**Q** 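Mind looking over this structure? Questions follow.
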Number of protein chains: 2
Amino acid sequence: MSVTIKDIARLAGVSHTTVSRALNDSPLINPETKERIHAIAESLNYTPNYNARSLVLDRSYNLGLFFSTLHTGTSAGFLYEAIKGVNDVIQDNFNLIVRGIDDYKSFHKVNRKSFDGIIVMSQSTSDQAFIEYASEKEIPLVVLNRPVEGVEVMNLLPDDRGGAFRLAEFLIGQGHRRIALIEGKAGFKSSQARREGFLAGLAEHGLTMDENLIVPGEYDLESGYQGMGRLLDLPERPTAVFCSNDDMALGAVKAVTERGLSVPGDISVAGFDDHLFSAFMTPALTTVRRPIEEISRAGAEKLLTFIDNKVVEKSTVLFHTELVIRESVQSTQGGR
Amino acid sequence: MSVTIKDIARLAGVSHTTVSRALNDSPLINPETKERIHAIAESLNYTPNYNARSLVLDRSYNLGLFFSTLHTGTSAGFLYEAIKGVNDVIQDNFNLIVRGIDDYKSFHKVNRKSFDGIIVMSQSTSDQAFIEYASEKEIPLVVLNRPVEGVEVMNLLPDDRGGAFRLAEFLIGQGHRRIALIEGKAGFKSSQARREGFLAGLAEHGLTMDENLIVPGEYDLESGYQGMGRLLDLPERPTAVFCSNDDMALGAVKAVTERGLSVPGDISVAGFDDHLFSAFMTPALTTVRRPIEEISRAGAEKLLTFIDNKVVEKSTVLFHTELVIRESVQSTQGGR
DNA sequence: TTGAAAGCGCTAACAT
DNA sequence: ATGTTAGCGCTTTCAA
């Protein structure tokens, strides 16, 4: 068996209580005793049993980072940025448990005892039940990325709508009138917000979108490729295409070049997210930056203060999304 | 406070022992009693306290997935595939704790009580101390992706060397003689194995590599871009460039097209990994498939059997890497 | 088939 | 400044 505070107590000739206090750096303990105990602990290679501590302190040292799904619809870049952002903040103090909500058969194992706090990186309303569950259980909670309705939570999200709006205006400013849209995954809030923002941006300039120029997508590379294929088969092609994320934009560009056409020479393409690879695509992608890592970081910080102060604040914070102009959109006059 | 087995016992008019047994589906308990207890537990919305259970059973239900680092050198695709592979296997039975080894100030919190098992997704020898630590502590352990020396462990890895070897042969078969290499991150085992395999492949056909045609890289997009820039500035350019991973290949292609040259028309480019985006690049990338998700899945399965059977097997398994021929490499005669 | 009692390793009142 | 004692919620002998 492994060494416990009782073993240390025996060797130090004190009670295990004293050992516990010494190891927790209690001011009550004589500095010399403290030092002696620390030395013994060190030499015995003692490590505390966190399960025992958790049991009495009612704290798990676990933080959950939950995604709507870890399967389709969650891009590698998204997962990466979210984990990085959260991980940077929590440091050594918590275990970061990563999971797809759709992997749970039941939420039984999700409770205050097992999670000191939860971050939901939400993409669709499919996880609404989970959010309500966590909220009811009064687990400290922040929901990132999509707006939550029906239940009050701390809610941090990118301004998808505003970004798409500004992108539409930019496209129009470049002279485009016949503009197409490859939608994001059906049911995802971001898909909807981006479409709405985009259409609103067009409307702002008196344009409405031809229904035939809206094609469905799944947020993955393949569906961008397929979607663009359909648009190119149209008798009258669009001059510009807004892909609801960068992954689809990459696929879309592929479909264009494969037919011997060029981006942006023959057709302009824009994306959304500003993934790491977007600046390195050929041509470099014009897109909208969505600050996922920043949101994740902010969410983790909020959560930690909730846990420390035992108060959860409930409000919505919108993070700015920024138009990033690169090379994949050209003016209809030629040139960028 | 939350409901415990004692609360259930009181309501059911039995001892808490009986409740414990009933809930764990012990054959000793009368079916009717069992049913009654289950019903009460259900109605009370009982969830077990895993900390208490962990304390007595000496099991944490935690699995660690540790990366050498979560910062530079770990690409989004790599993280994504690793998490997906492991997550698919462990289902609902364990918490998956994700962490960068370089985030630990000390390994104190890593022990048998806190982790039922550990998967190290290792990229460099910088995590050697951690692997040795986990091995000494006798935590069930598998190490993926890089060969481990100096300590016996279960070790699953891709055949980086063989893949690079075959790629070199392919390039030569396409008529290339002046071939360059953009290396992976210094210190990473994979960088070394790929270089060695590649040089061996050249040597097999009597070629040696010009020192000037080897440039350093960091496994990220930017360094691929920079590296290719340096190669293009050479008085006598290579006809083909092997980038040690796909991320760098994407950056490299960018550097080529930015100078008004084309891939593969003016220069051929190959990568390694076969990331999701590689097939969708323009041109589609010729590369070597490294089955990270498959390795992760196999690693997780191994680990679970170790935990179940309380035996750890120690051996090395090499996973095949496959040449994937697409469009970015052209024969020096023209055409693919 | 069930219950009583002990104990997992720790922290925290309450003494002293 | 230190020790005694109880208890967190659970599983598991041992006894009935």
Side-chain angles (χ1 to χ4, degrees), chain A residues 1-41 44-62 108-116 137, chain B residues 1-41 44-62 108-116 137:
Chain A
M1 278 315 289
S2 38
V3 17
T4 73
I5 52 172
K6 284 186 185 164
D7 300 321
I8 299 177
R10 207 173 306 121
L11 285 172
V14 296
S15 78
H16 72 278
T17 310
T18 301
V19 175
S20 170
R21 284 200 266 251
L23 261 21
N24 288 310
D25 212 29
S26 154
L28 298 171
I29 302 294
N30 186 319
E32 284 144 35
T33 323
K34 211 181 266 186
E35 207 164 317
R36 192 156 46 89
I37 290 174
H38 270 113
I40 297 176
L44 257 43
N45 223 324
Y46 168 78
T47 60
N49 184 323
Y50 281 86
N51 291 319
R53 183 183 282 177
S54 288
L55 180 57
V56 41
L57 291 185
D58 216 30
R59 258 161 109 343
S60 62
Y61 305 98
N62 286 164
H108 249 69
K109 289 184 183 166
V110 182
N111 51 57
R112 281 191 74 99
K113 311 278 185 196
S114 297
F115 292 94
D116 289 346
K137 289 258 173 182
Chain B
M1 278 315 290
S2 38
V3 17
T4 73
I5 52 172
K6 285 186 186 166
D7 300 321
I8 299 176
R10 207 173 305 121
L11 286 172
V14 296
S15 77
H16 72 276
T17 310
T18 301
V19 174
S20 170
R21 286 201 263 251
L23 260 21
N24 287 311
D25 211 28
S26 154
L28 298 171
I29 302 293
N30 186 320
E32 283 143 35
T33 324
K34 212 181 263 185
E35 206 164 319
R36 192 155 45 91
I37 289 173
H38 270 114
I40 296 176
L44 256 43
N45 223 326
Y46 168 79
T47 62
N49 183 323
Y50 282 85
N51 291 320
R53 182 182 283 177
S54 289
L55 181 57
V56 40
L57 291 185
D58 214 30
R59 259 162 111 335
S60 63
Y61 305 98
N62 286 163
H108 249 71
K109 288 184 182 165
V110 182
N111 51 58
R112 283 190 73 99
K113 311 279 184 196
S114 297
F115 292 93
D116 289 347
K137 289 257 175 186

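Values in this document were obtained by computation on a predicted structure and should not be read as measured data. As a basis for the values below, the full set of heavy atoms in this structure was taken, side chains included, without hydrogen atoms, waters or symmetry mates. In what follows, chains carry the letters A, B, and so on, assigned in the order in which the sequence lines appear, proteins first and then strands, with residues in each chain numbered from 1.
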**Q** Specify the separation, in whole Å, of atom CG of Leu28(B) and atom P of dA15(D).
**A** 16 Å

**Q** Between dG9(C) atom P and Asp7(A) atom CG, what is the distance in whole Å?
**A**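 To the nearest whole Å, that distance equals 9 Å.
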
**Q** Rounded to whole angstroms, how far apart are CG on Asp58(A) and C1' on dA12(C)?
**A**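 Taking atom C1' of dA12(C) as the reference, CG of Asp58(A) is at 14 Å.
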
**Q** Between C1' on dG3(C) and CZ on Arg10(B), what's the gap in Å once rounded to a whole number?
**A**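 That distance rounds to 16 Å.
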
**Q** Would you confirm whether Asn24(B), through its side chain, and Ser26(B), through its main-chain N or O, come within 3.5 Å as a donor-acceptor pair?
**A** no

**Q** Rounded to the nearest Å, what distance is computed from the CG atom of residue Leu57(A) to the P atom of nucleotide dG7(D)?
**A**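 Rounding to the nearest Å, CG of Leu57(A) and P of dG7(D) are 17 Å apart.
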
**Q** Give, ordered by number, those residues of residues 29-37 of chain B having at least one heavy-atom distance below 4.0 Å to an atom of DNA chain D; if nothing qualifies, reply none.
**A** none

**Q** Hydrogens and angles aside, do Ser20(A) and Thr17(A) bring a side-chain donor and acceptor to less than 3.5 Å of each other?
**A**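 Their side chains do not contain a donor-acceptor pair, so the 3.5 Å distance test is not met.
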
**Q** For Ile5(B) and dT2(C), what is the distance between atoms CD1 and P respectively, to the nearest whole Å?
**A** 15 Å

**Q** If you take all heavy atoms of Ser60(A) and Ser114(A), which pair is closest and at what distance?
**A**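 Heavy-atom minimum between the residues: OG-O, 3.1 Å.
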
**Q** So, Asp25(B) and Lys34(B), do they make that salt bridge, N to O below 4.0 Å?
**A**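 Answer for the salt bridge query: yes.
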
**Q** Under 4.0 Å from OP1 or OP2 of dC8(D): is there any side-chain N or O of Tyr50(B) that close?
**A** no

**Q** When you measure from the side chain of Lys113(B), which nucleotide among dG9(C), dG9(D), dC10(C) comes out closest?
**A**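 Looking only at side-chain atoms, Lys113(B) lies closest to dG9(C).
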
**Q** Return the minimal non-hydrogen interatomic distance between Ala52(A) and Leu55(B), and the atom names on each side.
**A** CB-CD1, 3.6 Å

**Q** Looking only at heavy atoms, what is the nearest atom pair of Asn45(B) and Val3(B), with distance?
**A** O-CG1, 4.4 Å

**Q** For residues Ile29(B) and Ala22(B), report the shortest heavy-atom separation together with the two atoms involved.
**A** CG1-N, 4.0 Å

**Q** Any idea which heavy atoms bring Ile37(A) and Ala12(A) closest together, and the distance?
**A**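 Closest approach of Ile37(A) to Ala12(A), heavy atoms only: CG1-CB, 4.3 Å.
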
**Q** Would Ile40(B) and Val19(B) satisfy side-chain contact (heavy atoms from CB on, under 4.5 Å), going step by step from the backbone distance to the final call?
**A** CA-CA 10 Å; Ile40(B) 296 176; Val19(B) 174; over 6 Å; no

**Q** Could you check which residues of residues 15-26 of chain A get a heavy atom under 4.0 Å from DNA chain D? Sort them by number, please.
**A** Ser15(A), His16(A), Thr17(A), Thr18(A), Arg21(A)

**Q** Please report, rounded to the nearest Å, how far the P atom of dT11(D) is from the CZ atom of Arg53(B).
**A**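 To the nearest whole Å, that distance equals 5 Å.
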
**Q** Among dC10(D), dT12(D), dC8(D), which nucleotide has an atom closest to any side-chain atom of Thr4(B)?
**A**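 Among the listed nucleotides, the one closest to the side chain of Thr4(B) is dC10(D).
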
**Q** To the nearest angstrom, how far is Asn49(B) atom CG from dG9(D) atom P?
**A**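 In whole Å, dG9(D) P and Asn49(B) CG are 7 Å from each other.
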
